[in-house]
Protein chains: 2
Amino acid sequence: MEPRKRPGRAPAPAGRTARPRQAEVARLAGVSQATVSLVLSPKPDGKGRIISEETRRRVLEAARSLGYVPDPAARRLAAARNNLLGVFSFTATFPTDVQHSYYPFLVGVEREAAALGYDLVLFTGSSTGGAGAAGPDALSRVRLADGCLFIGRHTPRTELKRLVEDGFPVVHLGRREELEGVAWVGAGYVEATRDVVGHLAELGHRRIVLVREDDDAPASADRQRGFLEGLEAAGLPSGPATVFRSADPQRDLTPERLRAWADEGVTAFVAEETDTGAAWRGLLSAVREAGLDCPAEVSLALLGSPPADLASEPVPTGFDIPRPQLGAAAVRLLAALVAGEEAPEPLVGCVFRPGPTTGPPHARTERP
Amino acid sequence: MEPRKRPGRAPAPAGRTARPRQAEVARLAGVSQATVSLVLSPKPDGKGRIISEETRRRVLEAARSLGYVPDPAARRLAAARNNLLGVFSFTATFPTDVQHSYYPFLVGVEREAAALGYDLVLFTGSSTGGAGAAGPDALSRVRLADGCLFIGRHTPRTELKRLVEDGFPVVHLGRREELEGVAWVGAGYVEATRDVVGHLAELGHRRIVLVREDDDAPASADRQRGFLEGLEAAGLPSGPATVFRSADPQRDLTPERLRAWADEGVTAFVAEETDTGAAWRGLLSAVREAGLDCPAEVSLALLGSPPADLASEPVPTGFDIPRPQLGAAAVRLLAALVAGEEAPEPLVGCVFRPGPTTGPPHARTERP
DNA sequence: CGCATTAGGTAATACGCATTAACGGGAGAG
DNA sequence: CTCTCCCGTTAATGCGTATTACCTAATGCG
């Protein structure tokens, strides 16, 4: 009697020249598939040495002559790990508007991922309403990776926390302490800002004003904290009066305001860097309109890098945010979480950048 | 007696909250794993309707509440799609040197991928020698995705052909006709260049010279072809004498050479765009040194976009390569291949860009 | 020479999902 | 009431690798 056909997937149709499998290699070399696997995927620790040199040679020869290449899908399935790290930004990863581009971060992300043996999955997230469309479960898709990196301000907290609670490795690029349990990497704004203030104090400035936007982002708060700490460390008067906060610095920061400060003895200003660069732009134009000379009459410092469209102007004193390094650090942290290892340092230092916009304070000549 | 332990792979260590599998979803929904699979991978033909609406709802609900997402590796292994498109560049995708950045293409790639419901896998290629390092199977990793987009000049032909032969969907961004069977998308340089020549001819120029580098890239060949076609179409004398080809235009294109041409009655020059922009730079500096006024005495056109560092100069007449559209077209083509549909048009048109560097020819005053 | 040990290798799994033959139950037919 | 047939669901497989318990022959030791 004919053996009853059992259920299951239909066997492959034995298509033309299918890629060789370990099984074929094994047959040709006269060994078992397991041996082939052992030969072709050497373990870092010398444990793989169980295979004799002779057999090893035969297998390698067979593999080469058949042109064997491992199937990544099978490999990753067996390893129970995809070697994929997700990158999720809440705007397009490659925005048309370069101003808001995460490009500099991605430079570091890619490099470090490559170094650690991971590939990157770009989730075409909220971008064009495509794959994940909107929907609360849009974020679910990231689970296909071993872990995911989040970039951007407008993070759906609920969904993110959900991922974390489920034990899914998540790293946020940029400080995110309010989100309990979410790992993050950030720039050391506090220290860097303190350094800039220290630099000004050393030059002899006694009254310094911070210009910031009306933003509650941690990056802004950190700079303000560093600013105040810097003042105190230098024994200078601090307090709310030294911070100018405005939702629209380019409008509120008038030349008159600037002159008033100057009359009060303020000789230096620092502005925070933001997406728009509004604080710095406002400060620059006010100084220009007020007819003040920099650095002769006022010293200016920027807590970050100047906007791209101001590239032609001299690069001001301040500090550089090491964006590629930040990206790399994020990847390292994420990889550590995925591997269950201990988390490395989340803060990346910013480097002080000397520039032509600061100098010793100048006893201002009275204006009529 | 203790049941003897059988050989085989050790079971997963039941780590914390492992990612949910279809099995978990099935348990929660009170059905079998097979049912979950049937519900979650809808077949295009109505055959999938075997599952009752009630069961389907329960499964979907369970999957959503667990945040289930299919494992791409397992899906691939089971010969199904995983909605991932690979992107493989032979240099870093995000190079530090912006000159060689593929960023503009990726803008379109990402947008189109999102629109078509695909996520992107960035294979951290030959960049840092990390993940894939070199090796013949460096390219093999891309098989994890449903198909892969290749960007860059230095394409390992052998490995690429291997992928194609194995029936793996591959698209090369940039013309690649020498690689038999490799699908590609490219810009319509021929037509665009013809248009530029036509524009000059209409202005009244009778003698035009093309400045190109000593490069055999299809992009260069196409421009030359379009140039010659443009001349013929305008009834102007063509021939090798109208093409200046140099490995180092910035050295070989001397002011003297330029004046000689001018004396011969050449009134317009077009230069190709390349990575380095050498042809255009050479042309510009020669014109400047020769003391020729543009566009009064010579008309200049650039077959592409000016290098980034010349952004401050006026944008010359020429054409724009619609890089985002090229990226999008590549993705559309790739998606078509994956779906087994017919391939769309591989050529993307360039748009003519009027500019201040061309004008009517000028009867040149003799110089002493 | 008997037994423990080592070297070299193999058989049997597991990984997560898609597929399909088979199965159970209810409806309709006879 | 029994027999088909249709529906919905499940059990059993396969995909290609990695891992591991176990087996066999050769070797070491007293």
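Side-chain atoms are counted along with the backbone in the values below, which use heavy atoms only and exclude waters and symmetry mates. Bear in mind the structure is a predicted one, so any value in this text is a computation, not a measurement. Order of the sequence lines sets the chain letters (A, B, ...), proteins ahead of strands, with each chain counted from 1.
Between atom CZ of residue R141(A) and atom CG of residue D119(B) there is a gap of 4.0 Å, rounded to the nearest 0.5 Å.
Annotation: E180(A), atom CD; neighbour count of heavy atoms from other residues, nucleotides and ligands within 6.0 Å does not exceed 12. Around atom CD of E342(A), no more than 12 heavy atoms belonging to other residues, nucleotides or ligands sit under 6.0 Å away.
Nearest to the side-chain atoms of S32(B) among the listed nucleotides dC17(C), dG16(D), dT10(D) stands dT10(D). The listed nucleotides are dG9(C), dT20(D), dG16(C); the one nearest the side chain of I51(A) is dG9(C). The side chain of A78(A) approaches dC15(C) more closely than any other nucleotide in the set dC15(D), dC15(C), dC17(C).
In this entry the distance linking CZ of R76(A) with P of dG16(D) reads 17 Å, nearest Å. If you measure from atom CD of Q22(B) to atom P of dT13(D), you get 19 Å, rounded to the nearest angstrom. Rounded to whole Å, atom C1' of dC15(C) lies 15 Å from atom CZ of R81(A). Distance CZ (R56(B)) to C1' (dC7(D)): 15 Å, rounded to an integer number of Å.
Residue A80(A) is classed as having no contact, given no heavy-atom separation below 4.0 Å to the nucleic acid. Within the 4.0 angstrom heavy-atom criterion, only backbone atoms of the sugar-phosphate kind lie near V31(A); the bases stay farther away. A79(B) comes within contact range of no nucleotide atom at all, as no heavy-atom separation falls under 4.0 Å. Across all strands shown, S41(A) has heavy atoms under 4.0 Å from sugar-phosphate atoms exclusively, and none from any base.
Base pairing of dT2(D): its partner is dA29(C), meeting the Watson-Crick or G-U wobble criterion (both donor-acceptor distances under 3.5 Å).
Nucleotides of DNA chain C nearest to Y68(B) and Q33(A) differ in position, and the one nearer the 5' end is that of Q33(A).
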Please tabulate, one pair per line, all N/O donor-acceptor pairs under 3.5 Å involving side-chain atoms of residues 25-40 of chain B, not counting sequence neighbours.
from: S32(B); atom 1: OG; to: A34(B); atom 2: N; distance (Å): 3.4
from: S32(B); atom 1: OG; to: T35(B); atom 2: N; distance (Å): 3.3
from: S32(B); atom 1: OG; to: T35(B); atom 2: OG1; distance (Å): 3.2
from: Q33(B); atom 1: NE2; to: Q22(B); atom 2: OE1; distance (Å): 2.9

